[in-house]
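Take a look at the structure set out below.
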Amino acid sequence: MRVLLLGGGGREHALALRLADDPSVEALFAAPGNPGIAAVAELRAVDPVDPVAVAGLAVEVGADLVVIGPEAPLVAGVADAVRAKGIAVFGPSAEAARLEGSKTFAKEVMTAAGVPTARAYTCSDEASTAAALDRFDPPYVVKNDGLAAGKGVVVTDDRAAAEAHARECGRVVIEEYLAGPEVSLFVVTDGETAVPLLPAQDFKRVGDGDSGPNTGGMGAYAPLPWAPADLVDEVMRDVVHPTLAELRHRGTPFSGLLYVGLAITADGPRVIEFNARFGDPETQVVLALLETPLGGLLHAAATGSLADHPPLRWRTGAAVTVVVAAEGYPAGPRTGDVITGGEQPGVIHAGTARRAADGALLSAGGRVLCGTATGPDLAAARDAAYQVVRGVTLSGSHYRRDIAAAAVDGRISLPV
Ligand code: AMP
């Protein structure tokens, strides 16, 4: 099978590695890719959010499958344009991707499907914002209604800061604060059949001990030693199947990757958000543990034949990834610095570029790369991931020192 992968971040590098080692994948192309992906795929300089250009590229390279990494192409209708050429796509239609593209739409679907989530109000002016904030106790949760690359949410005790974020965004969703540890569950689906991957946890705040502003994600680990044994079954029954059924019922079935972001509250799992694609950096750890060939799995989802796909096989042990971020991330990352150690095994490239003059590896984004490793248990995987990170130098860079630490030490408890 010939595969075209869209995107150029850490998630796509992780996807590319697993697609490249699937024996059924005979050729792998990526647009635009990154220097890490370039080691396993042929890169094409095509804008991944341009539906016409991507559909043209898919035809040109003779793709049997297009895998869409980021959310922006989905919302822009790239999956629809490629499907219109008769080519299988892993990724939902623009209509179904509104599950991620609009927080209000996601809430509507959840309400209609009876999915447990935070009570919420959509507001687009000061008066309705104030009225909604009055209905909740702090901490306040204020979400940009549209796509914001993981940075549209403010969780704060400071009412003035909550109001200021609402003003900046225009249209926001204000919702109940959900207390409890967070879980990311990825579900591969063809719209009807749904196959859960291993639950993972990511770290949204920039600093140790969950301090500082929200980011796109600073690290992740899987599996979750503290998660309730029936968690995945419960989420499939109460969240995933009702949501997929509701979208089928609306005539916009969802196929691709349904990302369920949950808080495990005292009242059980509650949905924090849906995304319409793999999460970054959880993908790095989940795919590091997946033994089943990835191309075959995604092709089955893209062609409506997931029911015939064999059960997934997983490596034993655990995986950890630690993000190395550029100086100034997330507020204003500095780019263009030289990276050393970027070619070692376990380095996943996210925001990197090659200098044309001499091929030196440079930082080119806020989240620059991730050190990813597996191990026989979480403690070993964590040590190995930090070993990878310590082998990288990048002036001014920073990373969290506490990724997976609380889970290794048994310090995560479920609320009662
Ligand atoms: P989102 O972009 O919706 O994933 O939100 C980013 C982060 O904000 C989440 O990973 C949570 O840590 C936090 N968050 C969002 N919504 C809530 C909520 N209702 N209660 C508590 N934390 C939340």
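All figures in this text were calculated on a predicted structure; none of them were measured in a lab. Every number for a ligand or one of its atoms is a count from 1 in the order of the listing. Computed from heavy atoms alone, side chains included, the values below leave out hydrogens, waters and symmetry copies.
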*Please identify which atoms of ligand 1 are closer than 4.0 Å to at least one heavy atom of Val153.*
1 (P), 2 (O), 3 (O), 5 (O), 6 (C), 8 (O), 15 (C)
*Quick check: does Glu176 get an N/O under 3.5 Å from an N/O on ligand 1?*
yes
*Against heavy atoms of Tyr177, which atoms of ligand 1 measure under 4.0 Å?*
20 (N), 21 (C), 22 (N)
_Please list all pairs meeting salt bridge (Lys or Arg N to Asp or Glu O under 4.0 Å) that have one or both residues in residues 373-389, counting only residues at least two apart or in different chains._
none
*Side chains of Thr372 and Gln284: do they bring a donor and an acceptor to under 3.5 Å?*
no
*With backbone taken as N, CA, C and O and side chain as the heavy atoms from C-beta onward, which portion of Glu182 lies under 4.0 Å from ligand 1: side chain, backbone, both, or neither?*
side chain
*Picking from Leu28, Leu298, Leu65, what satisfies side-chain contact (heavy atoms from CB on, under 4.5 Å) with Met1?*
Leu65
*Side chains of Asp308 and Ser305: do they bring a donor and an acceptor to under 3.5 Å?*
no
*Does ligand 1 have any atom that is closer than 4.0 Å to a heavy atom of Arg270?*
no
*Please list, chain by chain and in numerical order, all residues satisfying side-chain hydrogen bond (donor to acceptor under 3.5 Å, both in side chains) with Asp190, sequence neighbours excluded.*
none
_For Lys103, the ligand 1 atoms whose distance to one of its heavy atoms is below 4.0 Å_ = 2 (O), 3 (O)
*Enumerated ligand 1 atoms positioned under 4.0 Å from heavy atoms of Glu175*: 16 (N), 17 (C), 18 (C), 19 (N)
_Cationic N near anionic O, under 4.0 Å, Glu282 to Lys204_ = no
*asked:* Any donor-acceptor pair under 3.5 Å linking the side-chain atoms of Ser93 with those of Arg83?
replied: no
*Can you list the ligand 1 atoms lying under 4.0 Å from a non-hydrogen atom of Lys143?*
3 (O), 15 (C), 16 (N)
_Contact (N/O only, under 3.5 Å) between Leu178 and ligand 1_ = yes
